[in-house]
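Proteins get letters first, then strands, A, B, ... in listed order; numbering begins at 1 in each. It should be emphasised that the depicted structure is a prediction, and the values quoted were computed from it without experimental measurement.
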Amino acid sequence: MQRIKIKDLLKSTNYGSKVCIKGWVRSKRDSKTVAFVAINDGSIIHNIQAVIDTPNFEEDYLKDVQTGACVKIEGTLVQSQGKGQSVEIQASSVEVYGKADPETFPLQKKGHSLEFLREIAHLRPRTNTFGAILRMRHAMAFAVHQFFNSKGFVYVHTPIITGADCEGAGEMFRVTTMDLKKIPIENGQVNFENDFFGKETSLTVSGQLNGELAAMALGEIYTFGPTFRAENSNTSRHLAEFWMIEPEVAFNELDDNMNLAEDFLKYLVKYALENCSDDLEFLTNLYDKELINKLKFVVENDFIRLTYTEGVEILKHCGHKFEYKVDWGTDLQSEHERYLVEKHFKKPVILTNYPKEIKAFYMKQDADGKTVRAMDVLFPGIGEIIGGSQREENYEKLIARVRELGMSEKELWWYLDTRKFGTAPHAGFGLGFERLMLFVTGMGNIRDVIPFPRTPKNAEF
RNA sequence: UCUUCCUUAGCUCAGCCGGUUAGAGCACUUGACUGUUAAUCAAGGGGUCCUUGGUUCGAGCCCAAGAGGGAGAGCCA
C-alpha cells in the first residue's frame, strides 16, 4: 500500500479509506483492550493517533511499539471518538521497522532541557522543537532564494577555500594537506611551497570580496553559503561554522542598501508567518508567548534609521547608567545597542555612518573624512543581525586605506583591479542566517537553530 | 579569552549546621484498568554524588586544581 504523509492524512476527510503511514512512535498509551500510539513522520509537527484493539493482535505483538521505534501502520482512516484530534487510524496491521530499547533510548515522552538535547544532537531532530526548527530553517532558506530570484539577483557560489588572508573578518581556520608532524620551517616561517595549493590557505570568513567581483558584471548577486570563524567566541550568538547570505548590488548606495536589507528581513519574517504557522504556534506556546506578535510587529513597522553620531547623542543624554561610557569614536557596546533597540525605540534600528577607525577597509568614506557608509541592522534580543556598507569604489582612496592599515596590496591585486577597470558605486551586506533563525524561532541560543553546531571545543557529530 | 553560576538515578531536580542506610517527580519493569491525550493507579529495579588531590574522627556538603555546561562580556553575522 502507498505510504501517505501524516501532514496530508490529518487534512483528509476520506473516512473509511485504507491508509498506510510510516513514522516514529512518540508515545503509547495502554489499557486492557485498546492502545493508542502517537506517530510522527516529520512532515508536520502534529502526530497521528493509531488506535489498536489489542485482542485483535497476538500477545507481545505490540511489545516493541515503544517510544522511539520506527513503525509502519496500515488501517482505516476514521473520525476520532476521543477529544484532541479529529481523525485517527483504526489499525489493522502494525510492523516494526526498528526497535528502540526504552532502557537506553534517551528521548522520553516528557520534556528535556535544550542543553541535554545538544548532547544528543543525533537524536534531537526527533523532538517537536527541533522538527519545528528544522522545517523552519528549510522554509527560511527557500524564502531567501525566492526573494532574490523574484528581484532578478544571481546566486553566485563563492569559494570556501581562500588564499587571501585579507577578508578582515576574524581569525581563520587553516586548510592544509601537510603532515602536521613534519611542517617545513625556514627561518622561523612555514614554507607552503609544497602544500596542496602552494600557498597558505584558509576557510572563508566572508564571500563578500568575491561577491563584489560578480556584482561588477551581473549587477545584482547574492551568496548563501557556509562561513568559518576561528574566534574563541563563547556566546549564545556565535558559531565557528555558520551560514551567511551576502547580497551585493552595483549602483546601490547606502539608502538603497538599507531599503534592500529592510525589505529582505520583512519578506523573510512574513514568509515564516504565512508558511510556518503550525511550527510557530508550537514554539510560541512552549518558548516565547510573544513570538508571533514580535514577528508581526517587525513586518508591520518601519525600522528606525539613524547615524552612529545621532545614536551616541541619544545614549549620552538618555540618563541611563551604562557600565561602559558612551564616547564618539569607540564602538558601541552590547548594552548600548540593546538600549537603543529595546528601550529607546522598541523597534529594529539601522545605525549608519560609523567612524572609519572601527570599520573595515573597504567601506566608502564620507566627505567629512571621519565616517564611512556602514550600516548595522540591530534586532531586539539578538543585536547585530546584518552588517553592511556602501563600498569604496575610488581606487586612490581604497588603496590609500589599504596602505594606511598595513594590508597587503599584492594579495589584494584582483580586488583592487575592480576599482581600476570600470569601477562603479555599489553596496551590500551580510545576514547571519542563524541569527535570523534565532529571531523567527524565538530560541535563545544559536546552537539550537543549526542541526550540528560547531563551537570552540565542540565538533561532535 | 574574561566575569559569574552550575555539575547528585535514564531525565528534571531536592539534599538542613559536615554526622548512621543519599531522596522526590517523571522514565523503565511488572500488574490493574473498555477511548487515552505528557493517561491514571499500585508495586519493584535503578547511584563512580563530574575527576583528582587535600582538610576532618567523619565529606554529596568545606578547600585547591582540572574537565564539561549555562548566562553575561569581548570579537562579530
**Prompt:** Separation of A:Asn458 atom CG from B:rA67 atom P, in whole Å?
**Reply:** 16 Å
**Asked** Which nucleotides of nucleotides 34-48 of chain B have their base under 4.0 Å from a protein heavy atom (B), which only their sugar-phosphate (S), and which neither (-), written as one string 5' to 3'?
**Response** SBBBBB---------
**Item:** Nearest-Å distance once atom C1' is located in both B:rU12 and B:rA65
**Value:** 30 Å
**Prompt:** Checking all strands, does A:Phe433 fall into the base, sugar-phosphate, or nothing category for heavy-atom contacts under 4.0 angstrom?
**Reply:** nothing
**Complete:** Atom CD of A:Glu384 and atom P of B:rC75 are separated, to the nearest Å, by 11 Å
**Message:** With rounding to the closest Å, how many angstrom separate the P atoms on B:rG35 and B:rU40?
**Reply:** 14 Å
**Request:** Check every atom of B:rU1, B:rC75, B:rG72 against the side chain of A:Asn234 and return the nucleotide holding the closest atom.
**Result:** B:rU1
**Request:** With C1' as the reference atom in both, quote the distance from B:rU21 to B:rG47 in angstrom, rounded to an integer.
**Result:** 13 Å
**Asked** Residues in ring-ring contact (aromatic ring centres under 6.0 Å, His included) with A:Tyr155, at least two apart?
**Response** A:His145, A:His157, A:Tyr222
**Prompt:** Which nucleotide in the set B:rU29, B:rA77, B:rC11 lies at the smallest distance from any side-chain heavy atom of A:Arg229?
**Reply:** B:rA77
**Gap between atoms CG and P, on A:Leu431 and B:rC76 respectively (whole Å)** = 18 Å
**Request:** Sticking with atom C1', work out how far B:rA64 lies from B:rU55, rounded to a whole angstrom.
**Result:** 11 Å
**Asked** Can you say whether the rings of A:Tyr271 and A:Phe142 are parallel (under 30°), tilted (30 to 60°) or perpendicular (over 60°)?
**Response** tilted
**Item:** Donor-acceptor side-chain pairing of A:Tyr362 and A:Glu212 below 3.5 angstrom
**Value:** no
**Request:** Could you note down all residue pairs passing salt bridge (charged side-chain N to carboxylate O under 4.0 Å, His left out) where residues 332-348 of chain A supplies at least one of them, sequence neighbours left out?
**Result:** none
**Prompt:** Which part of the nucleic acid, if any, lies within contact of A:Leu239, taking any heavy atom under 4.0 Å across all strands shown: a base, the sugar-phosphate backbone alone, or nothing?
**Reply:** base
**Request:** Check the geometry between A:Phe242 and B:rA77 and answer yes if their rings are stacked (centres below 5.5 Å, planes below 30°), otherwise no.
**Result:** yes
**Prompt:** B:rG19 and B:rU3: how far apart are their C1' atoms, nearest whole angstrom?
**Reply:** 36 Å
**Asked** With sugar-phosphate meaning primed atoms plus P, OP1 and OP2, does A:Pro102 contact a base, only sugar-phosphate, or nothing at under 4.0 Å between heavy atoms?
**Response** sugar-phosphate
**Asked** Below 3.5 Å, does any donor atom in the side chain of A:Ser233 face an acceptor in the base of B:rC75, or the other way round?
**Response** yes
**Request:** Kindly determine whether A:Asp302 and A:Lys266 satisfy salt bridge (Lys or Arg N to Asp or Glu O under 4.0 Å), including the steps that lead there.
**Result:** CA-CA 10 Å; A:Asp302 288 340; A:Lys266 284 180 171 170; 3.3 Å; yes
**Message:** Expressed as a whole number of angstroms, how long is the span from A:Glu323:CD to B:rU4:P?
**Reply:** 13 Å
All N/O donor-acceptor pairs, side-chain side in residues 32-50 of chain A, below 3.5 Å, sequence neighbours left out:
residue, atom, partner, partner atom, Å
A:Asn40, OD1, A:Gly42, N, 2.8
A:Asn40, ND2, A:Ile44, O, 3.3
A:Asn40, ND2, A:Ile45, O, 3.3
A:Asn40, ND2, A:Asn47, OD1, 3.0
A:Asp41, OD1, A:Ser43, N, 3.0
A:Asp41, OD1, A:Ser43, OG, 2.6
A:Asp41, OD2, A:Ile6, N, 3.0
A:Ser43, OG, A:Lys7, N, 3.0
A:Gln49, OE1, A:Arg29, NH2, 3.1
A:Gln49, NE2, A:Glu88, OE1, 3.1

**Message:** Can you confirm whether or not the ring centre of A:Phe148 sits under 6.0 Å from the ring centre of A:Phe264?
**Reply:** yes
**Message:** Using the ring-ring contact (aromatic ring centres under 6.0 Å, His included) criterion, which residues pair with A:Phe433? Sequence neighbours excluded.
**Reply:** A:Phe224
**Complete:** Whole-Å distance, A:Met443 CE to B:rG70 P, equals 15 Å
**B:rC76 phosphate, OP1 or OP2, under 4.0 Å from A:Thr235 side-chain N/O** = no
**Message:** Taking side-chain contact (heavy atoms from CB on, under 4.5 Å) as the definition, give me every residue that meets it alongside A:Asp288, ordered by chain and number, with sequence neighbours left out.
**Reply:** A:Glu290, A:Leu291, A:Lys294
**Asked** Could you state the CZ-C1' distance from A:Arg338 to B:rG72, rounded to the nearest angstrom?
**Response** 8 Å
**Request:** Find the distance A:Ile245:CD1 to B:rC76:P and express it as a whole number of Å.
**Result:** 20 Å
**Request:** Return no unless some side-chain N or O of A:Ser236 is found under 4.0 Å from OP1 or OP2 of B:rG72.
**Result:** yes
**Request:** Please say whether more than 12 non-hydrogen atoms of neighbouring residues, nucleotides or ligands are located less than 6.0 Å from NZ in A:Lys99.
**Result:** no
**Request:** Check the distance between B:rC76's P and A:Glu241's CD and give it to me in whole angstrom.
**Result:** 21 Å
**Message:** Under 4.0 Å, counting only non-hydrogen atoms across every strand here, what does A:Ile386 touch: a base, just sugar-phosphate, or nothing?
**Reply:** sugar-phosphate
**Item:** Secondary structure of RNA chain B in dot-bracket form (Watson-Crick or G-U wobble, distances below 3.5 Å, | marking inter-strand pairs)
**Value:** (((((((..((((.....[...)))).(((((.......))))).....(((((..]....))))))))))))....
**Fill in**
For residues 318-331 of chain A, the salt bridge (charged side-chain N to carboxylate O under 4.0 Å, His left out) pairs (sequence neighbours left out) are none
Sequence neighbours left out, cut at 3.5 Å: what donor-acceptor pairs do the side chains of residues 15-23 of chain A make with other protein atoms?
residue, atom, partner, partner atom, Å
A:Ser17, OG, A:Asn14, O, 2.7
A:Lys18, NZ, A:Thr76, OG1, 3.2
A:Lys22, NZ, A:Tyr97, OH, 3.3

**Prompt:** For RNA chain B, what residues of residues 113-128 of chain A have any heavy atom nearer than 4.0 Å?
**Reply:** A:Ser113, A:Glu115, A:Phe116, A:Arg118
**Item:** Distance, C1' atom - from B:rA38 to B:rC11, rounded to whole angstrom
**Value:** 13 Å
**Asked** Taking atom C1' in both B:rG31 and B:rA22, what distance in whole Å separates the two?
**Response** 29 Å
**Prompt:** Side chain of A:His238, base of B:rC76: donor and acceptor closer than 3.5 Å?
**Reply:** yes
**Message:** With rounding to the closest Å, how many angstrom separate the C1' atoms on B:rU29 and B:rA9?
**Reply:** 15 Å
Donor-acceptor pairs are to be reported for all side-chain atoms of residues 120-128 of chain A against protein atoms at under 3.5 Å, with residues two or more places apart or in another chain.
residue, atom, partner, partner atom, Å
A:Arg124, NH1, A:Arg447, O, 3.4
A:Arg124, NH1, A:Asp448, OD1, 3.3
A:Arg124, NH2, A:Arg447, O, 3.1
A:Arg124, NH2, A:Ile450, O, 2.9
A:Arg124, NH2, A:Pro451, O, 3.0
A:Arg126, NH1, A:Gly68, O, 3.4
A:Thr127, OG1, A:Arg124, O, 2.7
A:Thr127, OG1, A:Phe130, N, 3.2
A:Asn128, OD1, A:Arg26, NH1, 2.6

**Request:** Could you check which of B:rA77, B:rU30, B:rA73 has an atom nearest any side-chain atom of A:Arg237?
**Result:** B:rA73
Under 3.5 Å, which donor-acceptor pairs do the side chains of residues 374-385 of chain A form with other protein atoms, sequence neighbours left out?
residue, atom, partner, partner atom, Å
A:Asp376, OD1, A:Lys359, NZ, 3.4
A:Asp376, OD2, A:Tyr354, OH, 3.3
A:Asp376, OD2, A:Lys359, NZ, 3.1

